[in-house]
Amino acid sequence: MWKNVYEWLDERLGLNDLYKNLLDRPEPKGNWWNTLGSAALFLFILQGVTGIFLTVYYTPSPDHAYDSINYIMNGVAFGWLIRGIHHWGATLMVVVVFIHMLRVFVTASFKYPRELTWLIGIGLFLVTLGMGFTGYLLPWNQQSYWATTVGTQIAGSVPFIGDFILKVLRGGSDLSALTLQRFFSAHIWMLPAALAGLIGVHLYLIIKHGESNFPSKED
Amino acid sequence: MSDEGHTGRNEISRRDFIKVTTGIVGGVIGLAVGVPAIAYLLDPAFKSGAKEAWIPIGKFADMQIGQPYAFSFTRVQVNGWERTSTSHGGFVIRKSDNPTDTVIFNSRCTHLGCTVNWKADAQAFICPCHDGKFGINGKVLGGPPPRPLDQFTDFRVTQDGVLEIYYKES
């Protein structure tokens, strides 16, 4: 019976083709360093899921942000686990994306025809850092408040347009409720949307070109 | 792939082993995150609001017969990180030595909810807002209130001689 259901679906959705092209692709000789991209993708999904769950209780307002996180950590069943995964997953994602990038660089996988994959990867790395930067403010504790004060000041040190950039980032000249709100918006809508779109193109390019062989001694 | 030739039928191929392992590890991770996530979502539904409690009013011995004894207490309602506190008050009137022969009024005026005060010279509870007037038995003597003062009907005297009332959020 299930076989018939599957065949009916497969005829219309092309599940077998999807499986073959996405998960059963031919690979060059296996190497654990080649799994870092998949690890980064997994972390992105994990961060997305735990992040969505955190918004059930989190409030992006200076009055309640700290208290709501306190409540997630102490008042909600498994709140500590969901936030813990999101917290450590964020750090891990930056590390994994960076090592992934390093591996691509060292094995020269960015060369023709994969230059665009590399360029988009740079974008992905920067947006990942942006996710880390915006997410850091959201607990609204002393550490995050002053880290963002300093971080936006660094952005403000750009010659000529620095002051303008600082005001855009903070939503005014001071760190305020507006800063928290726009960091929240960037953290849960804009940057994830950018990440998801870039990941889509990145994956398409990888499937189209296949993975590069490890360079041999002669290369 | 070449070793498929000399593997027995009962042995599992390397590819299948990887597939099964991936499935199992993925399932375990999914469960480890998924089950707590559901508990996390449903958590508020399992919390009791604690909207009722026994509230100590004062030493029963301090309350004189025939003399209204004023008391007040505060209830704090906690919803997540939000705390709402509401003040309540009332008067205890003992009619005789028998502890059960006691009436406890809520000092909230039945008209618009201001707090009434006991005026000894008028022998009445007077509401400062619209001059509502209640007798020592709680009955309306004058002014706009539509019904007598509300009562706390559930009360007890503990072994330590403390009068407690049972408060229930309406």
Side-chain angles (χ1 to χ4, degrees), chain A residues 19-20 22-27 29-32 34-35 38-39 41-89 92 138-141, chain B residues 1-53 74-87 167-169:
Chain A
Y19 177 76
K20 244 172 85 184
L22 294 181
L23 295 173
D24 219 7
R25 285 175 284 128
E27 292 283 313
K29 192 170 172 359
N31 182 312
W32 280 104
N34 286 38
T35 60
S38 301
L41 178 64
F42 170 76
L43 284 169
F44 170 72
I45 294 167
L46 191 68
Q47 291 300 95
V49 171
T50 52
I52 287 169
F53 273 83
L54 284 175
T55 62
V56 174
Y57 296 102
Y58 176 74
T59 309
S61 111
D63 291 341
H64 294 305
Y66 183 79
D67 291 337
S68 64
I69 286 192
N70 228 357
Y71 182 65
I72 290 172
M73 292 304 280
N74 300 310
V76 186
F78 295 109
W80 57 271
L81 182 67
I82 305 285
R83 185 163 108 89
I85 292 173
H86 199 73
H87 177 99
W88 292 105
L92 197 60
L138 302 185
W140 201 249
N141 53 29
Chain B
M1 310 316 111
S2 57
D3 51 4
E4 262 170 39
H6 51 83
T7 27
R9 238 191 298 159
N10 290 330
E11 276 177 57
I12 179 168
S13 76
R14 187 183 157 119
R15 282 179 85 81
D16 283 341
F17 173 75
I18 297 288
K19 273 184 204 165
V20 170
T21 314
T22 308
I24 292 174
V25 171
V28 168
I29 294 175
L31 278 180
V33 180
V35 172
I38 290 168
Y40 170 90
L41 266 190
L42 302 181
D43 182 64
F46 293 116
K47 291 224 166 85
S48 72
K51 292 192 166 165
E52 42 201 55
T74 308
R75 292 290 293 160
V76 179
Q77 189 68 37
V78 182
N79 289 312
W81 56 92
E82 183 196 42
R83 299 167 71 85
T84 338
S85 62
T86 42
S87 299
Y167 172 80
K168 205 172 172 182
E169 200 143 301

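Lettering of chains follows the sequences in order, A, B, ..., and the numbering in each one begins at 1.
- With A:Ile82 as the fixed residue, the side chain to side chain contact (heavy atoms under 4.5 Å, CB included) test singles out one of A:Ile52, A:Thr50, A:Val49: A:Thr50.
- Contacts of A:Leu23 with chain B are absent, with no heavy-atom separation under 4.5 Å from either backbone or side chain.
- Atoms CD1 and CG, from A:Ile45 and A:Leu41 in turn, are 4.5 Å apart once rounded to the nearest 0.5 Å.
- Contacts of A:Tyr71 with chain B are made by side-chain atoms alone, with heavy-atom separations under 4.5 Å and no backbone atom involved.
- Ranked by non-hydrogen atom pairs under 4.5 Å with chain A, the options B:Pro44, B:Pro36, B:Ala39 are led by B:Pro36.
- A:Leu92 has its side chain out of reach of A:Gln47: every pair of non-hydrogen atoms, C-beta onward, lies at least 4.5 Å apart.
- Atom CD1 of A:Ile69 is separated from atom OG1 of A:Thr59 by 9.5 Å, given to the nearest 0.5 angstrom.
- Atom OH of A:Tyr66 is surrounded by 12 or fewer heavy atoms from other residues, nucleotides or ligands within 6.0 Å.
- Only the side chain of A:Phe42 comes within less than 4.5 Å of a heavy atom of chain B; its backbone N, CA, C and O stay farther away.
- Both the backbone and the side chain of B:Leu41 have a heavy atom closer than 4.5 Å to some heavy atom of chain A.
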